[in-house]
Number of protein chains: 2
Amino acid sequence: MESPTSSVLDALNRNPSSLTDLTISAVRQGVANGALQPGELYSVYKLAEDLGISRSPVREALLRLAETGMVKIERNRGFRVVLPSPRDIAEIFSIRLALEVPAARRAANHSEPAPRSKVRQQYKSLELAAESQDIAAFEQHDQQLHALLIAGQGGHRTVRLVNSLRDSTRMLGVSTMGQERTLEEISLEHLPIVEAFEAGDGEAAAASMKEHLTATGRLLIQKALKATGSGDSVDQIWSEFAD
Amino acid sequence: MESPTSSVLDALNRNPSSLTDLTISAVRQGVANGALQPGELYSVYKLAEDLGISRSPVREALLRLAETGMVKIERNRGFRVVLPSPRDIAEIFSIRLALEVPAARRAANHSEPAPRSKVRQQYKSLELAAESQDIAAFEQHDQQLHALLIAGQGGHRTVRLVNSLRDSTRMLGVSTMGQERTLEEISLEHLPIVEAFEAGDGEAAAASMKEHLTATGRLLIQKALKATGSGDSVDQIWSEFAD
DNA sequence: CACTAACATGTAGCATGTTAGTCATGACAG
DNA sequence: CTGTCATGACTAACATGCTACATGTTAGTG
């Protein structure tokens with residue numbers, strides 16, 4: 001194996017864990033910035049070469065991503081980044097609603113000073129990223145804000161689960177972000193959640209979280225429907241999964 | 001490579017897919033029947049030898065199981081089957097409640113003849129397994145019944161997700177099954193759900209599903225608390241995650 | 001006797017060789 | 001022109017060799 005590229009080394013130094021984890025991050029990033037196109041066929045061979053590492057960790061990374069549905073592996077053919085169907089999106093958001101709305105309620109009802117300042121801080125970072133149109137940073141702080149609102153008591157599994165669901169819709173956000181909704185608008189949707197959390201108002205937190213997720217989910221479904229040219233309506237699909 | 005054991009061959013014939021999948025099944029089964037003890041340290045090396053295959057598919061299987069939390073891999077040491085803490089169990093059931101209760105409601109409200117007969121049939125199999133004290137069959141039909149009640153429109157992800165959550169608590173069921181509750185009792189808990197589903201009564205289905213999952217979850221937490229000798233109460237832990 | 005350093009052992013993680021399956025291409029028969 | 005079949009390129013899946021590391025043990029030091 002020749003000398004790894006500097007970016008690989010950098011990532012290695014930041015995170016001494018494993019090349020598999022590194023590869024997972026790399027694929028996520030590639031999907032986020034469009035380097036990996038949904039539907040296109042790629043091979044473990046080439047990806048390993050590009051990353052300057054061997055096939056084993058790359059393969060392991062892809063298997064784990066396939067487990068979450070972000071990627072599909074085709075035997076003896078290669079792998080594809082999966083573009084979720086409108087129904088997939090609806091299901092994903094129905095799950096997120098089922099998990100995050102009660103979580104937001106509980107979090108607000110039990111909110112304490114320390115997590116409050118963290119949430120506020122995270123929201124400020126989100127605003128900042130929105131102002132400077134930094135989509136990558138925006139995505140990251142959005143994720144961390146949602147994670148904070150779930151983590152309350154230590155819902156590790158729930159956080160991991162929601163993060164993996166976000167993975168599946170990440171490639172949709174890329175094209176959507178800053179078009180239908182500006183980053184500022186999305187950022188503002190979080191404000192009532194944060195305020196309700198700080199006020200310890202569980203019901204308000206739940207309601208505004210529900211509104212936020214519903215708006216996001218429906219928008220992504222609409223986007224996906226336009227892309228597929230299907231005749232189905234957003235309402236119809238949405239009603240199959242969420243109320 | 002010597003001759004694989006007959007059980008391995010059997011599993012291979014049933015499922016011609018991949019050795020990785022075979023290994024996942026083998027580990028699940030090993031956990032279910034106590035061949036793999038929680039907390040004990042095992043090695044990929046030996047497991048691969050026992051299965052009569054190479055280390056690669058075994059390693060891949062364990063990585064995927066680690067992803068779901070059923071197993072923990074320790075670098076350069078081995079892997080352990082994870083015994084979930086009382087809090088872990090509470091979180092798992094809070095997730096299952098969030099997903100399965102609304103799913104049961106929707107399923108009942110949209111129930112049609114075809115799925116109805118399938119559900120009824122699955123319930124009969126469950127009863128039968130309970131009568132004959134066949135724990136393995138009982139587990140399987142229990143899982144399939146829950147899956148049917150979720151799958152409604154095609155909630156593939158939700159089904160997979162719930163199945164993976166069940167994985168994490170499987171080793172607890174082993175020791176519990178047929179002690180605190182008899183199989184017949186557990187089977188009977190499903191009856192009101194099935195009846196509400198057949199009657200198209202969403203609210204009743206949701207309520208009885210909630211009752212069933214709550215009873216199961218609390219029982220497992222109690223069991224786990226006794227094992228750890230902790231002073232926490234079931235109510236206290238339960239209230240941190242579920243309502 | 002306490003305490004440390006060298007070493008033996010066993011492991012995950014990674015690299016790489018091997019096997020067998022899939023598909024595109026094009027020759028060729030009808 | 002069309003459908004069939006050989007063939008070659010490419011691939012995932014699997015097997016296996018290698019390396020660095022974590023840990024328990026033992027030998028050496030005060």
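Here is the naming used below: chain letters follow the sequence lines, and residue numbers restart at 1 for every chain.
OP1 or OP2 of C:dT11 lies within a sub-4.0 Å distance of a side-chain N or O belonging to B:S43. At the phosphate of D:dT11, OP1 or OP2 sits under 4.0 Å from a side-chain N or O atom of A:K46. OP1 or OP2 of C:dC14 has at least one side-chain nitrogen or oxygen of A:T20 nearer than 4.0 Å. Residue A:R59 has a polar side-chain atom (N or O) positioned under 4.0 Å from OP1 or OP2 of D:dA13. The side chain of A:S54 places no N or O atom within less than 4.0 Å of a non-bridging phosphate oxygen (OP1 or OP2) of C:dC14.
For A:L62 and D:dA12, the CG to P distance is 9 Å, given to the nearest whole Å. Taking atom NZ of residue B:K72 and atom C1' of nucleotide C:dA12, one finds them 15 Å apart after rounding to whole Å. Atom OH of A:Y42 is separated from atom P of D:dT11 by 13 Å (rounded to the nearest Å). One can place CG of A:L51 at 11 Å from P of C:dA15, the figure rounded to the nearest angstrom. Distance, B:Y45 OH to D:dC18 C1': 9 Å, rounded to whole Å. Here C:dT11 presents its C1' atom at 14 Å from CG of B:L63, a figure rounded to the nearest Å. Residue B:R75 contributes atom CZ, which lies 6 Å from atom P of C:dC14 at whole-angstrom precision. Rounded to an integer number of Å, the gap from CD of B:E60 to C1' of D:dT16 is 14 Å.
Residue A:S56 is classed as a base contact, given a heavy-atom separation below 4.0 Å to a base.
Below 30°, between 30° and 60°, or above 60°: for A:H190 and A:H146 the angle between ring planes is above 60°, a perpendicular geometry.
Side-chain proximity of B:R55 to the nucleotides D:dA12, D:dA13, D:dG17 is greatest for D:dG17. Nearest nucleotide to the side chain of B:I53, out of C:dA12, D:dA15, C:dA15: D:dA15.
Between the side chains of B:D88 and B:S85, at least one donor N or O lies within less than 3.5 Å of an accepting N or O.
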Next on the checklist: side-chain contact (heavy atoms from CB on, under 4.5 Å), that's the test. Do A:F93 and A:W238 meet it? Break it down for me.
Outcome noted: CA-CA 9 Å; A:F93 275 87; A:W238 186 258; 4.1 Å; yes
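Sequence order on DNA chain D of the closest nucleotides to A:G78 and B:P57 puts A:G78 first from the 5' end.
Judged by distance alone, with hydrogens and angles left aside, the side-chain atoms of A:T169 form no donor-acceptor pair with the main-chain N or O of A:L172 at under 3.5 Å.
Looking at heavy atoms from C-beta onward, B:E67 lies out of side-chain contact with B:L63 at the 4.5 angstrom threshold.
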